[in-house]
Each structure stands twice: as structure tokens, then as C-alpha cells.
2 protein chains.
Amino acid sequence: MPTIKDVAREAGVSIATVSYVLNKKAVAVSPETRRRVLEAARRIGYRANVTARNLRSSETRLIGYAWYEPPPYDAPFGRLNPILDWFAFYLARSAEQAGYHLLTFTYPPDDPTPTYDELIRTGRVDAFVLTGTVDNDPRVRFLLDQAFPFVSFGRSTEAWDFPWVDTDGRAGVRAGVEYLISLGHRRIAILGWPEDSLSGNFRLAGYCDAMEAAGLPVPDGYVLRGVHTEQAGREAFARWMEMPPHERPTAIVTVSDLMAIGIMNEARRQGVQVGRDLSVIGFDDAPMTEYLQPALTTLQQPIDEIAEALITMLEAILNKEPPAETNVLMPPRLIIRESCVPPPEQALP
Amino acid sequence: MPTIKDVAREAGVSIATVSYVLNKKAVAVSPETRRRVLEAARRIGYRANVTARNLRSSETRLIGYAWYEPPPYDAPFGRLNPILDWFAFYLARSAEQAGYHLLTFTYPPDDPTPTYDELIRTGRVDAFVLTGTVDNDPRVRFLLDQAFPFVSFGRSTEAWDFPWVDTDGRAGVRAGVEYLISLGHRRIAILGWPEDSLSGNFRLAGYCDAMEAAGLPVPDGYVLRGVHTEQAGREAFARWMEMPPHERPTAIVTVSDLMAIGIMNEARRQGVQVGRDLSVIGFDDAPMTEYLQPALTTLQQPIDEIAEALITMLEAILNKEPPAETNVLMPPRLIIRESCVPPPEQALP
DNA sequence: TTGTAAGCGTTATCAC
DNA sequence: GTGATAACGCTTACAA
């Protein structure tokens with residue numbers, strides 16, 4: 001590859017002049033010299049070497065982005081987070097527009113900090129983007145501790161002050177429940193995640209908001225929790241079917257498409273027809289959910305906008321500008337398909 | 001961050017000595033000096049700066065990996081390639097073991113080469129991993145042309161000599177068809193991709209292999225082609241239903257889960273019960289397919305092994321060692337679930 | 001066995 | 001307006 005020396009030689013100037021012209025800094029260069037340099041650079045196809053530039057400016061223009069560790073094919077978020085691949089795509093694209101690239105890496109899920117530490121100490125990246133943060137997240141704690149630049153898709157311990165963007169699960173589920181209410185439902189149940197799930201609790205809160213605002217009762221047994229599996233959906237539905245018919249929910253909200261699928265499967269097994277006898281709302285708009293029978297109504301996370309907001313935030317941080325906002329919530333989009341209908345005249349069979 | 005100078009000062013030696021002990025090269029260093037250096041390095045938490053090291057050795061230890069460009073939510077492989085996110089994960093993990101990281105980037109789908117060119121000329125990466133290669137792929141052509149190191153997940157123009165690893169779709173589909181034959185089927189149809197699809201043609205060939213080997217007829221209309229959409233599956237099934245009952249296929253093989261889902265959906269709409277009246281095999285083992293009703297029997301691509309093989313190959317290339325094998329085919333795994341059963345006594349209703 | 005110094009390709013400071 | 005040159009942090013040839 002040609003270097004700046006080659007351009008200088010071609011143009012008959014010094015390397016300093018070449019650098020001046022190419023970096024269009026405030027240094028005055030005569031039009032004729034500028035032309036000669038540009039022409040020479042173009043002719044030999046010169047592009048500044050990124051490594052050298054980075055060494056000089058002590059930056060890397062690389063943002064570290066971690067993958068979840070080995071797909072535990074049946075574990076929460078292992079194989080079944082339908083969001084993160086596209087999120088990474090949008091992140092990469094937004095980063096490029098800001099002049100950065102994504103460096104992807106993996107880490108042992110039980111002990112992430114050494115991997116982050118190594119990347120920091122070897123000067124591999126300028127910043128990190130975190131996903132899948134949990135309450136009391138060790139990565140957040142570590143990076144805060146090291147005062148190393150990062151932004152996070154997702155919240156963590158509320159008392160910690162750090163930059164994040166998150167889906168407003170509370171507003172999303174609230175909108176979903178309101179949609180069901182507008183359809184005429186009054187007996188609406190929800191299947192959430194276990195109590196230690198941050199986003200699960202936000203989504204659950206959205207359910208409570210909507211029910212309360214509409215003055216609707218939330219009987220015992222309407223709020224169920226389960227892990228992020230299809231089976232948890234089946235089990236929850238079975239529980240609801242054990243209630244007397246006139247007390248059973250006519251609509252069910254979930255915190256994930258996977259659990260919604262479990263509900264739909266168990267409903268079919270028990271002869272309950274979703275999209276006629278029962279309404280179901282998912283969360284995520286996973287691929288394929290549109291081809292379910294019935295097609296699943298769900299809440300789509302605005303991952304494109306989230307990625308963009310995160311990069312904007314990170315750019316400000318890296319440029320040491322005061323970021324406009326440091327915590328932003330983005331409402332999901334309600335994707336209306338076929339799984340929600342007005343409640344049947346009578347209770348579930 | 002501490003530099004090599006800091007370690008040298010702490011240990012009371014020169015920076016060269018520090019470098020010698022830390023890189024455990026053949027240079028002889030006295031045990032005492034070695035101890036002092038190691039101790040100093042440990043104490044101040046020194047890790048060699050990657051950028052400086054890279055500049056010196058004119059490498060980047062970065063492998064470029066491109067994401068598909070903007071998810072055209074309804075386009076072939078846009079939102080619905082269930083493979084690539086996990087492939088990227090495995091690739092990242094294998095690369096790390098070889099001392100590399102993945103640099104992810106995006107490119108405009110209609111014109112990829114400028115992006116690759118830029119990454120090469122700026123010295124951003126040492127090599128590329130390609131995915132989704134097609135016949136006469138412009139990226140393969142360009143990289144071959146530039147003699148820049150790369151490996152590919154997927155084949156391209158047969159006459160081109162370049163390193164690739166691919167799923168053996170032909171062997172996979174053949175195994176799928178043989179499985180159906182072992183179940184007792186004789187009237188087996190296939191829904192493939194359009195004729196310009198390389199992998200589609202390989203998979204189709206596997207169908208022909210199996211049918212021929214078993215001496216089974218392939219009547220007109222048994223081989224259908226369509227684009228990679230759910231709708232193409234529906235349409236194909238509708239076409240087969242137009243055949244006289246005793247000529248209709250009792251089993252259908254597809255080249256993708258998405259198309260298999262289309263078939264299952266249209267079958268249900270027409271009152272044909274997959275997993276009883278009709279058998280269906282997908283391809284990919286996409287997330288969620290295990291929760292379909294019936295759970296889909298499908299061919300899973302061994303993306304973990306493919307990623308590993310690609311990195312091994314690339315390592316050899318980058319080390320200028322002769323790679324063991326430069327073209328390798330990996331058979332998919334047949335994941336047997338509920339969508340395939342022995343043929344019904346009589347033809348489809 | 002250890003130290004000095006060149007050099008990787010830039011950018012930026014300082015002369016001229 | 002332009003050109004030497006130092007410096008970024010490292011590895012390594014060569015000298016001591």
C-alpha cells in the first residue's frame with residue numbers, strides 16, 4: 001500500500017504538506033500545491049493508514065460490542081433473542097456514519113470483567129456498547145469504576161448514573177393493554193418474567209398502569225411469572241384454564257413472543273382458538289411471528305432508533321461534549337396482526 | 001495506561017529487555033532480570049498496546065465481517081436468515097482463539113467493492129470472511145483480484161479457486177429425502193429456489209440423487225421453485241393440491257424453513273394436517289421452528305463447525321502456511337421432530 | 001546478557 | 001506556504 005511518503009515524492013512536496021492538504025486543516029496551502037498533492041494521492045490510490053493514525057492520536061475508532069456467550073440452546077435469551085442480531089447491524093451502520101467500526105467479542109457469561117479489562121488495557125477499543133444489562137450488572141459497575149466510555153442498551157441499578165437507551169417496556173405494554181381494552185376486553189391477564197428481571201418488571205408495571213387507569217380489576221392469579229421459555233407459556237395458560245370459566249381472562253399479554261407462542265400452543269391443544277376465543281399479545285416482533293396462525297400481534301422494539309441514539313450519545317462522550325440526553329426511553333411499536341379480537345360473548349369454553 | 005517505558009523504569013532495565021521477556025522470544029535473559037520485569041509489569045498492570053504493536057508488525061489482527069445491508073423486512077434473506085447471527089458469534093469466538101477479533105461493517109448491497117477496497121487500503125483489516133456468496137460474486141472476484149486474504153462461507157463460480165467452507169446442502173437434502181423414503185414415502189416433491197440460486201441448486205441436486213438412487217419417479221410438477229418467502233410455500237402447496245389425489249406428493253422437502261412454514265400454513269388452511277396427512281422437511285432449523293405445530297423436522301447447518309473451519313483456514317493463509325484443505329463441505333444435521341410421519345394409507349384428501 | 005537505536009506511518013510543532 | 005523533525009508505543013537488528 002502506498003504511504004504518505006509516496007504521495008510526497010509523487011507530488012514533489014514534503015510529507016507534512018501532504019498531511020496538511022489531506023486533513024484540510026486550517027493550515028494555508030497554495031492552490032497549486034494542493035492540486036498537485038490531491039492529484040498524486042488520487043493517482044496512486046493513497047489512503048491514510050488507520051493504524052498509524054490511531055497510534056498517533058491514541059484512539060482506535062473501534063467500539064467494542066459483546067456477543068452473548070455460547071448459545072445455551074434452551075436458556076433464556078440464548079438462542080431466542082430475536083432482537084440482537086439486527087441490533088448489531090443497526091449499531092454497526094450508525095457507528096460507521098460516525099467514523100467508527102464495531103469490534104465484536106465474546107466473554108464467559110459468569111465472569112465478563114477480565115475480557116473488558118483486557119480490551120481496555122491493550123487499547124483495543126475506544127468505548128463499549130452493552131446489551132442485556134441486568135440489575136447490578138457487573139459490566140456497568142466495572143466500566144463506571146474504570147471511568148471508561150460506554151453506553152448501554154438497557155438499564156441497570158437505578159442509583160447508578162450512566163448513559164443508556166432502553167425500550168420503554170412500560171409504555172409499550174400499557175399501550176398493548178389499552179388496545180385490548182379498546183377492543184372490549186375487561187378480563188386481561190399477564191405473563192411476566194421472574195421478579196429479578198428488570199425489563200420484566202417495567203413491562204409488568206405498564207400492565208398495572210393500564211388496568212388501574214381503566215379501573216379494571218386484577219384478580220388473584222391474573223399476574224403470573226415464568227422464565228423465558230415456550231413451556232412457561234404453556235404452563236401459565238394451563239393455570240388460567242383452571243379458573244372458573246366466567247373468571248378466566250379473555251386476553252393475555254406477555255413479555256415475549258416466545259412465551260406468547262407457548263400460550264398459543266397450549267390454547268390450541270385445549271381447543272381454545274386464539275384470534276377468536278382468546279386474544280394474545282407478544283413482545284419483540286420476532287421473525288416468523290407474522291407467519292404464526294394466527295399472526296401474532298406484538299410490540300416491536302425500535303432497535304434501529306435505539307442503535308442510532310446510542311451512537312449519538314457515545315459520539316458526544318468520546319468528543320467530550322456534553323451529551324444532550326444521557327437516559328432515553330423509546331416506546332415500542334404495536335404491530336397489530338390477527339391474534340387480538342374483541343372478547344367472545346361468553347367466557348372461554 | 002502504562003507503557004513499556006514505565007515497566008522498564010520500574011524494573012530498572014531497558015525497554016528492549018522488557019520486550020524480550022514479555023514476548024518470550026529466543027533471546028536469553030537472566031532469570032533475575034526476567035523476574036524483575038515480570039514483577040514490575042504485573043505490579044503496574046502493563047499490557048502491550050495493540051495499536052503500536054500492530055503498526056510495528058504491519059498487521060491489525062482484525063478480520064472484516066460484513067453484515068447484510070438494511071433489513072428489507074420482506075426481502076429474501078433480509079430479516080429471515082436465521083443463521084447469520086449465530087454464525088457471527090461462532091466466528092468471533094473462533095477468531096479470538098486464534099488471536100483475532102472481528103470488525104463488523106455494512107455495505108450497500110448493490111455495490112460492495114468500494115467498502116472492501118476502503119478497508120483494505122486504509123489497512124483496517126488483515127482479511128475478510130464472506131457470507132452469502134452467490135454465483136459470480138463481485139466480492140470474491142474483487143478480493144481474488146486484489147490478492148487480499150479471505151475465506152468464504154459459501155461457494156461461488158466453480159472455476160474460481162478460492163478458500164471456502166460450505167454446508168453440503170446436496171448431502172443434507174439427500175439425507176432428508178432418504179429419511180422420508182425410509183418412512184415409506186414414494187411420492188416426494190420439492191420446493192426449491194430460483195435457478196440462479198447456487199445453494200438452491202445444490203439442495204435440489206440432493207433431492208434428485210436420493211430419488212434416483214431409490215428408483216423413485218419424479219413426475220412433472222414435483223419440482224417447484226420459488227423465492228425465499230412464506231408465500232412461495234403457500235403457492236407451491238396450492239399447486240400440488242391441484243393434482244389428482246392419487247398423484248399428489250405425500251411428503252415435501254424444502255430449501256428453507258420459511259418456505260416450509262408457508263406450506264404448513266396453506267396445508268392447514270386447506271384442511272390437510274401436517275404430521276399426519278402430509279410430511280414436511282425444512283432447512284436451517286430457524287429459532288421457533290421447534291415450537292411450530294407440528295414441530296418442524298429440518299436440516300440444521302453446522303455453523304459452529306463451519307466458523308471454526310473457516311478460521312483455521314484463514315489462520316494458515318495469514319501465516320503463509322499451506323492450508324490443509326481449501327474447500328470443505330460440511331453435512332447438515334437432520335433434526336427429527338414431528339412434521340414427518342409415514343405416508344397415509346390413501347392419497348391426500 | 002543487556003542496551004541503543006531504527007523504523008512502522010501518521011500528525012503536529014516549530015522553524016524558515 | 002512549506003519543510004524538518006519529534007513523537008505515538010512497540011519490536012528487533014545490531015552493538016556492547
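Throughout, protein chains are lettered first and strands after them, A, B, ... in sequence-line order, and every chain is numbered starting at 1.
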Chemist: Choose from D/dT2, D/dC10, D/dG3 the nucleotide whose nearest atom is closest to any side-chain atom of B/T3.
Modeler: D/dC10
Chemist: Give the rounded distance in Å between these two atoms: CG of B/L55 and P of D/dC10.
Modeler: 12 Å
Chemist: Using 0.5 Å steps for rounding, measure from the CZ atom of B/R155 to the CG atom of B/N327.
Modeler: 9.0 Å
Chemist: Can you tell me how far apart CD1 (A/I63) and CG (A/D126) are? Round to the nearest 0.5 Å.
Modeler: 8.0 Å
Chemist: Answer yes or no: is there an ion pair linking B/E32 with B/R35, defined by an N-O contact shorter than 4.0 Å?
Modeler: yes
Chemist: Each nucleotide N or O in nucleotides 13-15 of chain C that has a protein N or O under 3.5 Å away: list the pair and distance.
Modeler:
residue, atom, partner, partner atom, Å
C/dT13, O4, A/Y20, OH, 2.5

Chemist: If you apply the rule side chain to side chain donor-acceptor pair (under 3.5 Å), what do you find for A/N23 with A/S19, and how did you get there?
Modeler: CA-CA 6 Å; A/N23 295 315; A/S19 183; 3.1 Å; yes
Chemist: Could you pick out which residue, B/S57 or A/V29, lies toward the 5' side of DNA chain D when each is mapped onto its nearest nucleotide?
Modeler: A/V29
Chemist: What is the distance from CZ of A/R36 to C1' of D/dG1, rounded to the nearest Å?
Modeler: 12 Å
Chemist: Does C/dT11 have its OP1 or OP2 closer than 4.0 Å to a side-chain nitrogen or oxygen of A/S19?
Modeler: yes
Chemist: Output the distance between atom CE (A/M330) and atom CG (A/L310), rounded to the nearest 0.5 Å.
Modeler: 8.0 Å
Chemist: Using whole Å, report how far CZ of A/R47 lies from P of C/dT10.
Modeler: 11 Å
Chemist: Is B/S14 close enough to C/dG3 that one of its side-chain N or O atoms is under 4.0 Å from OP1 or OP2 there?
Modeler: yes
Chemist: Would you tell me if any nitrogen or oxygen in the side chain of B/T17 comes within less than 4.0 Å of OP1 or OP2 on C/dG3?
Modeler: yes
Chemist: Please give, in whole Å, the distance from C/dT4 P to B/I15 CD1?
Modeler: 10 Å
Chemist: B/F128 and ring-ring contact (aromatic ring centres under 6.0 Å, His included): which partner among B/F150, B/Y116, B/F162?
Modeler: B/Y116
Chemist: Phosphate oxygens OP1/OP2 of D/dT11: is one of them under 4.0 Å from a side-chain N or O of B/R53?
Modeler: yes
Chemist: Take atom OH of B/Y46 and atom C1' of D/dG9, then tell me their distance rounded to the nearest Å.
Modeler: 7 Å
Chemist: Between C/dG7 atom P and A/I4 atom CD1, what is the distance in whole Å?
Modeler: 18 Å
Chemist: Within the pair B/T33 and C/dT1, is there a side-chain N or O less than 4.0 Å away from OP1 or OP2?
Modeler: no
Chemist: Is the closest basic N to carboxylate O distance between A/E39 and A/R42 below 4.0 Å?
Modeler: yes
Chemist: So which nucleotide from C/dT10, D/dC10, C/dT11 ends up closest to the side chain of A/N23?
Modeler: C/dT11
Chemist: Tell me the interatomic distance from B/N54, atom CG, to D/dT12, atom C1', rounded to whole angstroms.
Modeler: 16 Å
Chemist: For B/D6 and D/dC10, give me the distance from atom CG to atom P, rounded to whole Å.
Modeler: 9 Å
Chemist: Judged by each residue's nearest nucleotide on DNA chain C, which is more toward the 5′ side, B/R34 or B/R56?
Modeler: B/R34
